Amino acid sequence: MSGQPFMKIQNSAIQELDSVVVRFAGDSGDGMQLTGSQFSVVTALEGSDLSTFPDFPAEIRAPVGTTFGVSAFQINFGSVEISTAGDEPDVLVIMNPAALKVNIGNLRKGGLIILDEGSFNIKNLKKAGYEINPLDDDSLSQYDVKRIDITKMTVEAVKEFGLGNKDALRCKNMWTLGLLLWMFGRKRQTIIESLEQKFASKPELAEANIAALNAGHAFGETAEMSYALHRYHVNRYKEEAGTYRTVNGNQSLSWGILAGSQLAGLKLVLGSYPITPASPLLHTLSGLKEFGVVTFQAEDEIAAICAAIGASFAGGLGMTTSSGPGIALKTEALGLAISTELPLIVVDIQRAGPSTGLPTKTEQSDLYQAVWGRNGDAPLVVLSVSNSTDGFDVGIEAVRIATKYMTPVMILSDGYIANASEPWRIPDINDYEPFPVKFHKDPEGFHPFLRNTETLARVWAKPGTEGLMHRIGGIEKDYNSGHISYDAVNHQKMTDVRKAKIDNIANDFPLQKVSLGTEGGKLAVVGWGSTSGAIHQAVKRARNDGMDVSHIHLRHIWPLPRNLEELLKSYDKVIVAEMNAGQLNTLLRSQYLLDTTLLSKVTGQPFKIQEITDAIIENLGGIK
Amino acid sequence: MSGQPFMKIQNSAIQELDSVVVRFAGDSGDGMQLTGSQFSVVTALEGSDLSTFPDFPAEIRAPVGTTFGVSAFQINFGSVEISTAGDEPDVLVIMNPAALKVNIGNLRKGGLIILDEGSFNIKNLKKAGYEINPLDDDSLSQYDVKRIDITKMTVEAVKEFGLGNKDALRCKNMWTLGLLLWMFGRKRQTIIESLEQKFASKPELAEANIAALNAGHAFGETAEMSYALHRYHVNRYKEEAGTYRTVNGNQSLSWGILAGSQLAGLKLVLGSYPITPASPLLHTLSGLKEFGVVTFQAEDEIAAICAAIGASFAGGLGMTTSSGPGIALKTEALGLAISTELPLIVVDIQRAGPSTGLPTKTEQSDLYQAVWGRNGDAPLVVLSVSNSTDGFDVGIEAVRIATKYMTPVMILSDGYIANASEPWRIPDINDYEPFPVKFHKDPEGFHPFLRNTETLARVWAKPGTEGLMHRIGGIEKDYNSGHISYDAVNHQKMTDVRKAKIDNIANDFPLQKVSLGTEGGKLAVVGWGSTSGAIHQAVKRARNDGMDVSHIHLRHIWPLPRNLEELLKSYDKVIVAEMNAGQLNTLLRSQYLLDTTLLSKVTGQPFKIQEITDAIIENLGGIK
Amino acid sequence: MNKPVEITKLSPKDFETDQEVRWCPGCGDYAILKGVQMALANTGARPENTVFVSGIGCSSRFPYYISTYGFHTIHGRAPGFATGIKLTNPDLDVWLVTGDGDGLSIGGNHMLHVLRRNVDLQIMLFNNEIYGLTKGQYSPTSRPGLKTPSSPYGSVDAPLSPCVFALGAGARFVARGIDTSLKELPITLARAKEHKGASFVEIYQNCIVYNDNVFGEFTEKKTAQDTQIHLKDGERMIFGKDIKKGLRFNQDKFALEVVILGENGITEDDILIHDEKNRHMAFMLCEIEAPEYPAVCGVIYCNPSESYDHSVTAQIEKVKETKKADFNALLRSGRTWIVD
Amino acid sequence: MNKPVEITKLSPKDFETDQEVRWCPGCGDYAILKGVQMALANTGARPENTVFVSGIGCSSRFPYYISTYGFHTIHGRAPGFATGIKLTNPDLDVWLVTGDGDGLSIGGNHMLHVLRRNVDLQIMLFNNEIYGLTKGQYSPTSRPGLKTPSSPYGSVDAPLSPCVFALGAGARFVARGIDTSLKELPITLARAKEHKGASFVEIYQNCIVYNDNVFGEFTEKKTAQDTQIHLKDGERMIFGKDIKKGLRFNQDKFALEVVILGENGITEDDILIHDEKNRHMAFMLCEIEAPEYPAVCGVIYCNPSESYDHSVTAQIEKVKETKKADFNALLRSGRTWIVD
Ligand SMILES: Cc1ncc(C[n+]2csc(CCOP(=O)(O)OP(=O)(O)O)c2C)c(N)n1
Ligand SMILES: Cc1ncc(C[n+]2csc(CCOP(=O)(O)OP(=O)(O)O)c2C)c(N)n1
Ligand code: SF4
Ligand code: SF4
Ligand SMILES: [Mg+2]
Ligand SMILES: [Mg+2]
C-alpha cells in the first residue's frame with residue numbers, strides 16, 4: 001500500500017486498504033518463517049494477491065537474541081496486483097530488541113510497530129547492542145508503536161497445558177499471528193487445522209498453540225480501545241479464474257523441468273550437490289520418485305554435472321543444480337557437454353558473490369559466467385526466471401530447447417525468488433504440447449555428428465541401440481564422420497556450426513514483447529530475472545503518473561531475441577536495471593552498440609520499487 | 001622470403017635472400033624437432049633474425065609412417081626483421097610420404113622440395129594413404145623436387161660404425177641437416193660439438209651422426225650439378241647490440257615471473273598440474289631451486305591454485321599455471337583470491353577448445369574466461385604475451401601489479417608462442433627497478449582490509465608477525481573492520497571498491513601505443529597476444545604498399561589502457577584480428593560502442609600474414 | 001530389442017574398431033586392449049549393451065579402440081559419467097578405464113566415492129606410475145626419487161598404493177593384473193564383470209617411453225613364478241617355481257611373511273588360506289610389495305553387497321508401487337484455492 | 001622475531017577472539033573449540049606462529065574463534081591452502097579444520113593427497129555424519145537409511161570410515177576423539193601437534209539440530225567405560241568398567257574380537273598389545289565399530305616419516321649449496337651470441 005496514508009484512519013472503523021506490507025521479525029528461534037508462511041497461506045486462501053520474502057540469517061541457529069540471529073518474513077498483499085514483497089513495511093511485528101534494531105531502518109515513516117514489550121529486558125537489549133532501551137527514549141517517535149507484553153500473555157494463555165517454559169514461549173508466534181489475523185480480518189480455521197496436523201503426535205502442543213492463537217485474536221477484540229488498535233480490510237484480487245496455490249521459485253522450477261522431461265518422454269536424472277539457495281531443487285526432486293526421477297547427491301559439483309552428462313549420453317535428461325561457486329566448478333565439464341552436443345539442464349540459483357560472498361542474499365551476478373565463463377569458443381543457451389511462478393514455463397522451455405537442439409541450457413534464477421512465494425494459477429499439464437524425443441535408430445549412414453539440416457542438432461543415439469555403437473569425447477570431431485580430427489579447416493567448421501546452431505535458436509524464441517508500455521518512446525527499462533516485479537511496479541506507477549516509460553523484461557539471455565535490437569533502438573533512452581555491477585548491460589552494449597544507462601544494485605537485497613522510480617524520473621529529466 | 005622469386009636463380013651462383021622459410025617434416029621418430037632446433041641455433045648464432053614453429057602431433061609416439069604421426073618444424077629466418085614463422089614454406093624437407101601428404105598443401109607454388117626418395121616405398125605410401133606414388137604422377141609438377149635417396153646415403157655414410165639398422169637410420173636427420181647447412185652456407189661446428197656432448201657416453205653414435213652430417217654437407221658440394229642444387233645466402237640482421245639467445249614463450253614467461261618475484265623480494269611458490277602446452281613452465285621452474293623457487297605438482301588444478309593462494313597468504317608470491325580446461329577448474333578459487341585480495345599470478349597458455357579440443361594446437365579463446373568467467377562481480381587484471389620474448393617483461397609487470405594492488409593477475413599466452421623460438425637480446429636484471437614488497441608490521445589500528453588510499457590495495461600482513469593475527473575468508477568483509485559482514489550497504493561498498501581498485505590500475509599502465517603506423521587514419525588493425533607478428537608484417541607490407549593502416553597491439557586486456565577508446569576512435573575503421581570467434585571484439589564493443597570489424601580465425605593454426613593483408617585490402621575497399 | 005535376436009558368439013576381433021590404435025609401439029596398453037577384447041568375447045558381452053567410459057590420458061584413449069559405445073570424457077571425472085550412465089540405464093554393462101594420474105591424482109575423489117557407493121562398474125586402472133600423455137611427469141604412484149621433467153632432482157612424494165586406497169574407500173572387489181599376463185588378465189576381468197558392484201582392477205602397465213621396466217622386478221617371465229602369487233579363493237597362498245614358498249601370518253610381528261615349506265619346520269598348515277571375503281587379509285595382501293614379497297595378483301577381495309544403481313532403482317520402484325505419478329495432482333498438492 | 005621475546009605462558013582464554021561464536025546452542029563444536037584452546041595453551045603455542053585453515057561448513061567457521069592467523073577458504077580445498085602455507089613458511093604451525101562433508105565429500109581428494117604427501121599439519125575432521133551448514137543433507141559418513149531432505153526415503157549410500165580412509169591414503173598419524181571428552185581430546189591433539197607430518201584426527205561431533213545423538217551409543221557418559229577404548233602404545237588393549245574386557249586377534253576368523261578376562265580361560269596374555277607403528281593392527285582397530293566393539297579412541301597409528309614440507313625444503317637447500325643463484329647467468333645459459 002506504499003503511498004497510502006496508512007495511519008490516518010478513523011477509530012474503530014475497518015479501514016479498506018489496496019495493499020499492505022507486513023514484516024514479521026524475531027529471533028531465529030521465534031518461528032517467524034512459520035508465522036509468516038501461515039499468514040501467507042490464509043491471505044492467499046482468502047484471495048488477495050501477494051508476494052513474500054523470507055529473510056533468514058546465514059547461521060543455522062545463531063545465539064539467541066543477537067542481531068545476526070534475526071529472522072524475518074515479509075509479505076505484501078493486496079486487492080491490486082502485487083509483484084514484489086514491498087519496498088518498506090507498513091507494519092512491523094517485533095519479537096525482540098535485536099529484531100527491532102535490524103529492521104527499524106526500513107519501516108515506513110509513520111508505520112505501525114507491534115512489539116513484544118516482554119522481550120525488551122536488559123539481557124536482550126544488551127545482546128542487541130542497545131545501550132538505552134529504545135522504548136525509553138524518543139527513537140521510535142516517528143512510528144505508531146504498540147507495546148504489548150506478548151511474552152506474558154502467551155505464557156498466561158498456555159498455562160493450563162502444563163508446558164515447560166521453553167515450550168510455552170514457543171507459542172508466542174501463534175499469539176502474535178492471532179492478533180494479526182484479527183487485525184486483517186482473516187480466518188483462523190486453516191491454521192488451527194495445520195497445527196493439529198503438525199502436532200498430531202503431541203496433542204498438548206497443538207492445543208497450547210491453538211490457545212495462544214485464539215488468545216492473540218481475542219486480545220485484538222478486547223484491547224482495541226485501550227491499545228488504539230485498528231482493523232483493516234484487504235479485498236480479494238481479481239485474478240483469472242482457476243485453481244491457485246502459492247509457489248516459490250525453486251518449486252516452480254523443479255516442477256517445470258520435471259514437466260519438461262515428461263513432455264519429452266525422458267527419464268529425469270538430477271546430479272546435484274547441496275548449496276544455498278539451490279538445495280531445495282534437490283530436495284523437491286528427491287521426493288518425486290513416483291515420477292521415476294533419479295536424484296544423485298554427488299560428492300561434489302563436478303561429479304554432479306558429470307553424472308548428468310552421463311545420463312544424457314545414456315538417453316536420459318541430465319540436469320544439475322547449484323549456485324555461483326558450484327556452477328564455477330562445473331565449467332570444465334560444461335565445455336564437454338557443449339563439445340559433445342548433449343542436452344543438459346544447468347540451473348544456477350544465484351547468490352551474492354564473489355566467492356562465498358553472502359550465501360543467503362540475492363544477486364544476479366552470474367550472467368557473465370553463464371554466457372561467457374568457459375574456455376574455448378563454447379556457446380550455449382541461457383534462460384532466466386523472472387518471478388516465483390515463472391520457473392514452470394522456463395523449465396519446460398529449457399527442456400524443449402535442450403532436446404530439440406542437443407545443447408546445454410543454463411537457467412538463471414536467484415536467491416530472492418527461490419524462496420519468495422506468490423499465488424500461482426495452477427496449469428493443467430495436458431494443456432502443454434508434448435515434444436517427445438526421437439532417438440536415432442537407423443544404422444544407415446550413421447555417425448554421431450550427423451546433423452539435422454534445419455536445427456543443426458546432431459542425432460541422439462543411445463547406448464543399448466543395436467548397430468549404432470559410437471564413441472564421443474571432448475577432442476574435436478570430424479564434421480563428416482564424427483571421428484577425432486585435428487584438421488585445421490574442420491576445426492573452423494565445427495566452431496562455426498556450434499555457434500550457428502546456438503545463434504539460430506533465436507528463431508525458435510518468441511519475439512521480445514514489451515511487458516508494460518509501448519513499443520518505442522522516451523524510455524525503456526530493461527531487466528531480467530527477479531527484478532521484474534520491482535520494475536513492473538515502478539513503470540506502472542510512472543505510467544500512471546503520465547511518464548513515457550516502458551518495461552522490457554528478458555527471459556532469453558542467450559541468444560537474445562531476434563527483434564531485441566530493433567525494439568531497444570525504438571526508445572530514446574534505455575535503462576538496464578540489474579542486481580550486479582552491469583553484466584546484462586555489457587552484453588547488450590557489445591551486441592547492439594547501444595548507449596544504455598546502467599542502474600546497478602549490489603547489496604544482496606532486491607530492488608525497491610522506489611529505486612527504479614527514481615531512476616526513471618532522473619532519466620526522464622525529472623519531467624514526465 | 002615470400003614474394004621473392006625463390007627459384008629463378010642462376011646456376012651455381014650463391015643467391016642472396018632477404019628471408020626464407022624452411023620446413024622440416026618427417027615421422028615422429030625422424031627427429032625433426034631436433035633437426036629444426038639445431039638448424040635454428042646455427043642460424044641464430046650466425047646472426048639472422050628468425051622465428052620458429054614446432055608443429056608436433058598429439059600422440060606421444062604415433063605409429064610409424066602415419067599421417068597423424070607427422071612431426072614438423074618450421075623456421076623463418078632472414079636479414080630483415082622476422083616476426084612470424086612464415087605463411088608458406090619456400091623449402092620443404094620431407095622424410096617420408098606421410099610428411100609430404102600432410103605438408104604439401106602449404107608449400108609455396110614453385111617451392112623447393114628436398115625429399116628422401118628411399119622412404120617412398122610401398123609400405124610407407126600405403127600408410128600415408130597414397131594409392132599412387134606422388135613421385136610417379138605429375139602431382140608435384142608445380143614444385144622443384146629434389147629426389148635424393150637419403151636413406152641409402154645415410155646408411156652408407158655410417159656403415160663403418162657398425163650400428164644396427166635402426167640406429168643407422170636415426171642418422172638420416174643429421175645427413176639432411178648437413179645438406180641444408182651446405183645450402184645456406186652455415187657452419188657445422190656448433191652442431192658437431194653438441195652431438196659430441198649429447199652422445200658423450202656413446203661415442204660411436206656421436207661419430208656416426210657427425211659422419212652423416214658431414215656426408216650430407218659433402219653431398220651438396222658434389223651433387224650440386226647433377227641434382228641442380230643451389231646455394232643461398234641470408235645475411236645477418238642488423239639487431240641492436242647485445243648478447244642474444246633464442247627463447248620460447250614459456251621460457252621467457254617463467255623467467256619473467258621469477259625475475260618479478262626477485263624484484264619484489266618474495267619467495268616464488270608455483271602450484272601447478274601438468275597440461276599441454278603449459279607444462280614447460282612447471283618443468284622450467286622445478287629446475288630453478290637455487291633461486292629458492294618452490295614448485296608443487298598438485299593432485300589437480302584446484303589444489304594447485306589453492307596452494308598458490310595459501311602461499312600468498314603466508315607471504316610468498318603464489319603462482320599457478322595451466323591451459324584452458326585447467327584454468328576453468330580454478331574458477332571458484334580465483335574468486336576467493338579476488339575476495340581476499342591476495343596477489344596471485346595465474347598463467348593460461350591457451351590451446352584450441354572447447355573442452356579437450358585440440359590440445360597441441362593454438363587459439364586465443366580464453367579471453368572471455370579470463371575477463372568474465374567467474375561467479376559474482378569479480379574483477380581482476382588480465383595481461384597478454386605477444387611473442388616468444390615478450391613474456392619476460394609481461395611476467396615482471398604482472399608481479400609488480402599483483403603485489404602493488406593486492407590482486408590476482410591473469411596472464412594469457414598461447415600454444416603457438418609457448419613453443420616457438422625467437423632471438424632475444426638478453427636483458428640485464430640489474431636494469432630493472434626493484435619493487436620490494438613492504439609487509440604490514442604495525443599493530444596500531446590494524447585490520448586486514450585497511451586500504452592504501454591511493455592504490456586501494458589492502459595491507460599484506462603475513463603469519464608469523466606478532467600482533468597482526470587476523471582471519472580472512474570468502475564471506476563478505478566489513479569495509480571498516482575486516483570482519484564478516486552481511487550488511488547490505490557494506491556489500492555495495494566492497495563491490496564498488498573492488499571494482500574501483502582494478503579500474504584504477506589503468507592509470508598505472510602506460511598509454512597504448514601504435515605499434516606501427518600513425519595515430520588516426522583510415523584503418524587500424526587491433527590485435528593481442530601471439531598474432532602480433534603476423535599483424536605487424538601485414539601492416540608493414542601494406543604500409544610499404546602505400547596503404548593507410550596502423551597496427552595496435554594490446555598487452556593490457558583488463559583494465560584496458562586509458563587512452564585506448566580515444567585512440568581507436570581516431571581511425572575510420574578498426575579491424576579486430578584474433579584466433580577465436582570474436583572475444584576481444586566483444587570486449588571492445590561493449591566498452592567503447594565501437595563498430596569494429598572482426599577478423600576471426602579458429603583453425604588451431606596461427607594467422608598467416610596474407611590473411612591479414614587480405615582483410616586490410618578488403619577493408620580499405622581494395623584501394624590503397 | 002524386443003524381437004528375439006539370434007546371439008552369435010563374438011570373437012575378440014569383433015570388438016575392434018576401424019580406428020588406428022595410437023599408442024607408442026611397445027606400450028603395455030596394447031596387451032591390455034587384447035585382454036579386454038578376450039574377456040568381452042569370453043563372457044558373451046554384446047557391443048550394443050556395453051559402454052566404455054574413460055577420462056584423459058594415454059590409457060583413457062581406450063574407448064576409441066573398442067567397438068562398443070564409448071565416452072572419452074574429461075580428466076579424472078569418468079566415475080561421475082559412468083554413475084550417470086548406470087543410473088539412467090542399469091541394464092548397460094559399463095566399464096571404466098583410467099590411469100594412475102586420471103584415476104588417483106585429479107580423479108581420486110570420484111574414484112573414492114564410486115567405490116564407496118559401489119556402483120556396478122568394472123574399473124580398470126592402468127598403473128604405469130607416470131603421466132604418459134603429458135610426457136612423463138611423476139604421478140601419485142611414482143616411486144620416491146624418480147627424476148622427471150617436473151622433479152628434476154627426484155620426486156619427494158610418497159606414493160599411493162591403488163589397491164590399499166580402494167579398500168580404504170570401501171571397495172567390495174579388488175583385484176590386480178599385469179598387462180602382458182594374457183592368460184590371467186581376461187579371467188580376472190571376467191570375475192570383475194560378474195561381480196555386481198564396483199570392481200576395482202589395478203593393472204600394472206609398462207610405459208615404454210617414460211617409465212620403462214618399472215615393474216621388471218616381478219614381470220620378467222623367467223622369474224615370474226617366484227616373484228608373483230596368483231590368488232585362489234579358499235586355497236593356501238603357496239607359490240614359487242617349486243611350489244615351495246608360502247605366505248604365513250606371523251602373530252608376533254603382526255604381519256605376513258614369506259616362508260619356505262620344509263624349512264624351519266614350516267608345513268602347509270602354516271600357510272594362510274586365501275579368503276576373498278576377509279577385509280583384514282585383503283589389506284595385508286594389498287600392502288605387501290616386491291621384492292620382499294611376491295607381487296599379489298588375481299582377485300584379492302570380493303565381498304559383494306547391493307550395488308548403488310540397484311538400490312537407487314529399487315527405491316524408486318518401491319515408491320512407484322505405493323504412489324501414483326499424477327503430475328496435475330502434484331501441482332495441486334498442499335493448499336489450493338479457487339478463483340472463479 | 002630475532003630479538004629475544006619473553007615467552008609468557010598463555011591460557012586457553014588467550015586463544016579466544018572477540019567474535020561471537022555462531023554455532024547452534026548445544027553444538028559439539030563448542031566443546032572441541034575449548035579442547036583446541038586447551039591443547040594450544042598446554043603445548044605453549046604462539047598465536048602469531050599458528051594458522052588455522054578451514055573449508056566451508058559449520059565446523060569450518062572454527063578459525064574465526066581462535067585468536068591466531070586464520071584462513072576460512074572454500075569448500076573442500078583447505079588442504080591445498082594449508083600445503084601452500086606450509087611450503088612457503090615451514091616454521092608456521094598449521095592446523096586444518098574440516099567436516100565430514102568438507103573433508104571427505106567435495107574435499108576427499110585433497111585429503112587423500114595431503115595425507116599421502118605427509119604435509120606437516122594437524123588435521124581435525126569434525127564428523128557429525130551430516131551436512132550441518134546446508135541444513136541437514138546426508139554426508140559420506142551418514143548411516144544407510146538416514147532420512148534427510150535429500151534422502152526422504154532413506155539414504156542408500158554406503159558410508160565411509162574416515163580413519164580407514166586415512167590409513168588407505170597412507171597417513172602416518174591417525175587418531176580419534178570425542179567432542180565432549182575434554183580430558184582426552186587435548187592430549188590427543190597435543191600428540192598430533194608433536195607429530196611431524198600429517199596428523200589425522202577424527203572427532204565425533206554431535207550436531208544437535210540435524211543428527212542429534214548419533215554417537216549416543218558410545219558417548220553416553222554413564223556407559224562410556226564399557227563402550228570406548230582409549231589406546232595406549234605398548235599396553236594391552238583392555239577396557240571396561242571392571243577392566244575385564246579386551247581385544248584379541250582370532251587367527252581363525254582372522255579378525256579382532258572382544259573377550260572377557262577370566263572367561264573361557266582368557267588371560268591377559270591373550271589380549272593384543274597396542275603397537276602404534278603397526279599398520280595392519282591400525283587397520284583392524286579403525287575398522288571395528290560399535291556396538292559389537294568399543295569405539296576406539298586416542299592415537300591409533302603413529303609411525304613418522306619425513307614430512308613433505310621438510311623434504312621439499314631440504315631439496316631446495318641442497319641445490320642451493322651446489323648452485324649459485326645468479327639470475328643474469330641463468331638468462332645467459334645455453335647458446336648465446338653477441339651482436340655489436
Ligand atoms: C583438466 C585437465 N588437466 C590436465 C590435463 C592434462 N593431462 C592429460 S592426461 C594427464 C595425466 C595422465 O596420466 P595417467 O592418467 O596416468 O595416464 P597415462 O597417460 O599414464 O596412461 C594429464 C595431466 C587435462 N587433459 N585436463
Ligand atoms: C563449492 C561449494 N559447494 C557447496 C557449498 C555448500 N556447502 C557449504 S558447507 C557444506 C557441507 C558442510 O558439511 P560438513 O563439512 O560436514 O560441515 P558441517 O556443517 O557438518 O560442520 C556444503 C555442501 C559451498 N559452500 N561451496
Ligand atoms: S607414453 Fe607410455 S603409456 Fe603413453 S602410449 Fe606411450 S608407452 Fe604407452
Ligand atoms: S547445524 Fe549442527 S553442526 Fe551446525 S552449528 Fe548447528 S548443531 Fe552445530
Ligand atoms: Mg599413468
Ligand atoms: Mg558434517
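The sequence lines fix the lettering, A, B, ..., with proteins before strands; numbering per chain opens at 1. What you are looking at is a predicted structure, and each value in this text was computed from that prediction instead of being measured.
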Given the options A:P463, A:G473, A:G310, which has more heavy-atom pairs under 4.5 Å with chain C than any of the others?
A:P463
For the side-chain contact (heavy atoms from CB on, under 4.5 Å) test, which of A:L258, A:I426, A:I429 pairs with C:L330?
A:L258
Just how far is it from atom CD1 of A:I484 to atom CD of C:E20, taken to the nearest 0.5 Å?
12.5 Å
When only pairs under 4.5 Å are counted, which of C:I74, C:I338, C:T83 shares the most heavy-atom pairs with chain A?
C:I74
If you look at every heavy atom in A:G315 and C:T88, which pair is closest and at what distance?
C-CG2, 4.3 Å
Taking side chain as everything from C-beta outward and backbone as N, CA, C, O, which of these in A:F392 sits under 4.5 Å from a heavy atom of chain C? Side chain, backbone, both or neither.
side chain
Check whether any side-chain heavy atom of C:S67 lies under 4.5 Å from a side-chain heavy atom of A:M469, and answer yes or no.
no
Counting only N and O atoms by type, is there a donor-acceptor contact under 3.5 Å from the side chain of A:R245 to the main-chain atoms of C:S333?
yes
Please state whether the side chain, the backbone, both or neither of C:D309 comes within less than 4.5 Å of a heavy atom of chain A.
neither
What part of C:K86 gets within 4.5 angstrom of chain A, counting heavy atoms only: side chain, backbone, both, or neither?
neither
How long is the gap from NE2 on A:H470 to OH on C:Y69, to the nearest 0.5 Å?
6.5 Å
Under the criterion side chain to side chain contact (heavy atoms under 4.5 Å, CB included), I'd like the reasoning laid out for C:T336 against A:W424: C-alpha separation, chi angles, the key distance, then a yes or no.
CA-CA 9 Å; C:T336 61; A:W424 182 41; over 6 Å; no
Looking at A:C306, A:A241, A:A304, A:A461, which one has more heavy-atom pairs under 4.5 Å with chain C than the rest?
A:C306
Would one find more than 12 heavy atoms of other residues, nucleotides or ligands at under 6.0 Å from atom NE2 of C:H310?
no
Between C:D93, C:L112, C:I66, C:D91, which shows the greatest number of heavy-atom pairs under 4.5 Å with chain A?
C:I66
Is A:T190 close to C:R335 at the side-chain level, that is, under 4.5 Å between some pair of heavy atoms?
yes
For the CD atom of A:Q297 and the NE2 atom of C:H113, what is their distance to the nearest 0.5 Å?
11.0 Å
Identify which part of A:L342 has an atom lying under 4.5 Å from any heavy atom of chain C, answering side chain, backbone, both or neither.
side chain
Verdict with supporting geometry, C:V312 and A:V294, side chain to side chain contact (heavy atoms under 4.5 Å, CB included)
CA-CA 8 Å; C:V312 168; A:V294 176; 4.1 Å; yes
Take atom CG in C:D340; do more than 12 heavy atoms of anything else shown fall under 6.0 Å from it?
no
Check: A:G292 main-chain N/O paired with C:K320 side-chain donor or acceptor under 3.5 Å:
no
Do you know the tightest heavy-atom contact between C:L92 and A:G464?
CD2-N, 3.9 Å
Which one of C:L331, C:I316, C:V53, C:V114 has the most heavy-atom pairs closer than 4.5 Å to chain A?
C:L331
Would you indicate whether A:Q189, at its atom CD, is surrounded by more than 12 heavy atoms from other residues, nucleotides or ligands within a distance under 6.0 Å?
yes
With respect to chain A, which residue among C:T17, C:I56, C:V319, C:I85 yields the maximal number of heavy-atom pairs within a distance under 4.5 Å?
C:I85
Taking C:R77 for the side chain and A:A307 for the main chain, is one N or O donor matched with an acceptor at less than 3.5 Å?
no
Which of A:T295, A:I472, A:D428 touches chain C most, by non-hydrogen pairs under 4.5 Å
A:I472
Could you give all pairs that pass the salt bridge (Lys or Arg N to Asp or Glu O under 4.0 Å) test and reach residues 285-309 of chain A, with sequence neighbours left out?
A:E299-C:R117
So, the part of A:K462 with a heavy atom under 4.5 Å from chain C: the answer is backbone
Name the member of A:A298, A:G242, A:G47, A:P423 that forms the most heavy-atom pairs with chain C at distances under 4.5 Å.
A:G242
Under 4.5 Å heavy-atom distance to chain A, tell me which part of C:E321 shows up: side chain, backbone, both or neither.
neither
A:T465/C:E48 under side chain to side chain contact (heavy atoms under 4.5 Å, CB included): CA gap, chis, key distance, verdict:
CA-CA 6 Å; A:T465 314; C:E48 66 274 15; over 6 Å; no
A:V247, part contacting chain C, at a heavy-atom distance under 4.5 Å
neither
Using 30° and 60° as the class boundaries, would you call the ring planes of C:W337 and A:Y244 parallel, tilted or perpendicular?
parallel
Look at A:S312, A:A259, A:G474, A:S252 and state which one has the largest set of heavy-atom pairs under 4.5 Å with chain C.
A:A259
Residues C:H72 and A:L336: closest non-hydrogen pair is O-CD1, 4.4 Å
Between A:L468, A:V41, A:L268, A:V269, which shows the greatest number of heavy-atom pairs under 4.5 Å with chain C?
A:L468
Could you go through A:F296 and C:Y308, starting from their C-alpha distance and side-chain angles, then the distance that decides it, and tell me whether this counts as side chain to side chain contact (heavy atoms under 4.5 Å, CB included)?
CA-CA 10 Å; A:F296 169 56; C:Y308 182 70; 3.3 Å; yes
Counting heavy-atom pairs closer than 4.5 Å to chain A, which one of C:T322, C:L87, C:T68 comes out on top?
C:T68
Could you check, using the six-membered ring where one of them is a Trp, whether C:F81 and A:F313 have ring centers closer than 6.0 angstrom?
no
